[in-house]
Amino acid sequence: MDNNHPSSMEWKLLSSEYISRHKYFNARRDRCEMPDGKVVDPYFVVEIPPSSCALAITEDEKVLMVRQYRHPIAQTILELPGGFVDEAEDPGIAVLRELLEETGYEFPSFKYLGKVAANPGVLSGFTHLFLATGGKKVSAQHLDDNEQIEIVLVPLEQVREMLNNNEIVQSLHVSCLFYAFRELDKTEHESL
């Protein structure tokens, strides 16, 4: 049995109505039927585009992080670079574009680590996770109108400590760090 897709649990979509449409999200009200016949009405879904983020390591072994204000939690936090994937854009191309726009760094090497869902009980969309290495500063930042991003270079082991001490609050970025450190540890172990 496929644990990710047990067909006996899938709901049937009876109707769907958009209650809000926006560039960054759509909200809809669904009416669904469970396998036992029970009708769930309403079930609200917020559709968000896919996104990408990366643990991005510069050629001198520093991690590129970004500090920015996040209005929904009313805090300025330290995060990984990343952002939305444009329509029909490959997530790998998107993460390299976001790295260049947000930080001015280009990366000759990157590895796909997987994808995660932020809150699949309410939100659609996945975040694609990457490990980027060998970054070089090639330009200034090119930020969107509503972005204020401070670039912070942090030693790799300090980022690991921050992760272990619960100092990174962006859950999608915590997932990226977990998988990236696992990949780095595996690669280091294999080279011994």
Side-chain angles (χ1 to χ4, degrees), residues 2-5 48-70 72-73 75-86 89-139 141 143 147-192:
D2 181 352
N3 291 329
N4 292 323
H5 301 95
I48 57 172
S51 59
S52 291
C53 67
L55 174 61
I57 304 172
T58 64
E59 61 185 351
D60 61 348
E61 297 295 312
K62 298 282 196 274
V63 174
L64 267 176
M65 299 194 77
V66 292
R67 181 177 289 124
Q68 56 188 322
Y69 176 73
R70 292 303 194 183
I73 61 172
Q75 290 182 21
T76 299
I77 61 174
L78 206 54
E79 299 180 329
L80 298 176
F84 288 126
V85 176
D86 292 338
E89 185 179 33
D90 179 87
I93 299 300
V95 80
L96 293 175
R97 174 183 51 75
E98 287 288 340
L99 285 165
L100 184 60
E101 289 173 2
E102 290 186 359
T103 70
Y105 280 76
E106 279 186 342
F107 290 81
S109 177
F110 69 103
K111 181 171 184 161
Y112 185 67
L113 302 171
K115 66 182 181 180
V116 291
N119 182 356
V122 177
L123 301 174
S124 71
F126 287 92
T127 296
H128 299 272
L129 314 173
F130 292 89
L131 171 62
T133 56
K136 293 181 182 182
K137 181 81 168 171
V138 297
S139 72
Q141 291 174 298
L143 303 176
E147 287 182 315
Q148 291 178 300
I149 295 175
E150 177 188 343
I151 300 167
V152 182
L153 293 165
V154 184
L156 184 60
E157 284 310 308
Q158 186 179 340
V159 173
R160 189 188 300 260
E161 288 174 23
M162 293 168 67
L163 175 64
N164 290 336
N165 293 330
N166 195 29
E167 296 174 35
I168 309 292
V169 299
Q170 215 292 17
S171 63
L172 298 168
H173 297 184
V174 168
S175 295
C176 186
L177 288 168
F178 170 79
Y179 288 112
F181 279 120
R182 189 178 72 172
E183 180 65 27
L184 290 169
D185 292 344
K186 181 176 80 173
T187 303
E188 182 180 311
H189 180 68
E190 290 171 355
S191 67
L192 296 178

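This one's a predicted model, so the numbers in the text were calculated from it and none came from an experiment.
Of the possible polar contacts, one joining the Asp90 side chain to the Gly92 backbone as a donor-acceptor pair under 3.5 Å is found. Checking side-chain atoms of Glu98 against main-chain N and O of Cys53 turns up no donor-acceptor pair under 3.5 Å.
Thr103 OG1 to Lys137 NZ: the interatomic distance, rounded to the nearest 0.5 Å, is 6.0 Å. Atoms NE2 and CG, from His128 and Leu172 in turn, are 11.5 Å apart once rounded to the nearest 0.5 Å. In this structure, CD on Glu150 lies 8.5 Å from CG on Leu78, to the nearest 0.5 angstrom. Between Glu106 atom CD and Glu59 atom CD the span is 11.5 Å, to the nearest 0.5 Å. Rounded to the nearest 0.5 angstrom, Ile149 CD1 and Tyr69 OH are separated by 15.5 Å. Separation of atoms OG (Ser139) and CD (Glu101) is listed at 9.5 Å; rounding is to 0.5 Å.
Here the side chains of Asp60 and Leu153 are not in contact, with every heavy-atom distance at 4.5 Å or above. The closest side-chain heavy-atom distance from Phe178 to Val116 is not below 4.5 Å. Two residues are said to be in side-chain contact when any heavy atoms from C-beta on lie closer than 4.5 Å; Leu131 and Ile57 meet this criterion. At a threshold of 4.5 Å between non-hydrogen side-chain atoms, the residues Met162 and Leu177 do not count as touching. The shortest side-chain heavy-atom distance between Leu129 and Glu183 does not fall under the 4.5 Å cut-off.
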Check the pair Val159 / Phe181 against side chain to side chain contact (heavy atoms under 4.5 Å, CB included), numbers first and verdict last. CA-CA 10 Å; Val159 173; Phe181 279 120; 4.1 Å; yes
Report the C-alpha separation of Arg97 and Asp86 in whole Å, then their side-chain angles, then the decisive distance to 0.1 Å, and conclude whether the side chain to side chain contact (heavy atoms under 4.5 Å, CB included) test is met. CA-CA 10 Å; Arg97 174 183 51 75; Asp86 292 338; 3.7 Å; yes
Please report the C-alpha distance between Gln148 and Leu143 in whole Å, then the side-chain angles of each, then the deciding distance to 0.1 Å, and finally whether the side chain to side chain contact (heavy atoms under 4.5 Å, CB included) criterion is met. CA-CA 7 Å; Gln148 291 178 300; Leu143 303 176; 5.9 Å; no
Verdict with reasoning, Gln75 to Arg70, per side chain to side chain contact (heavy atoms under 4.5 Å, CB included): CA-CA 6 Å; Gln75 290 182 21; Arg70 292 303 194 183; 5.8 Å; no
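In terms of heavy-atom proximity, Ser52 sits nearest to Val95 at CB-CB, 3.7 Å. In plain terms, the two heavy atoms of Val66 and Leu80 that are nearest each other are CG2-O, 3.8 Å. Across every non-hydrogen atom of Asp185 and Arg160, the tightest pair is OD1-NH2, 2.9 Å. Minimum heavy-atom separation, Val85 to Pro91: CG2-CA, 4.1 Å. The heavy-atom pair separating Leu123 from Ala118 by the smallest distance is CD1-CB, 4.0 Å. Closest of all the heavy-atom pairs between Tyr105 and Gly135 is CD2-C, 3.8 Å.
No option in Tyr179, Phe107, Tyr112 other than Tyr112 meets the ring pair (Phe, Tyr, Trp, His ring centres under 6.0 Å) test with Phe130. Partner Pro81 forms a side chain to side chain contact (heavy atoms under 4.5 Å, CB included) with one of Leu99, Leu55, Leu100 and no other, that one being Leu99.
By the neighbour-count criterion of 12 heavy atoms within 6.0 Å, atom CZ of Phe110 is densely surrounded, having more than that number from other residues, nucleotides or ligands. Summarising the local packing, CD of Glu157 is surrounded by more than 12 heavy atoms from other residues, nucleotides or ligands at distances under 6.0 Å. Annotation for Lys136: atom NZ does not count as buried by contact number, only 12 or fewer foreign heavy atoms lying within 6.0 Å.
With no hydrogens or angles considered, a side-chain donor-acceptor pair links Gln68 and Glu79 at under 3.5 Å.
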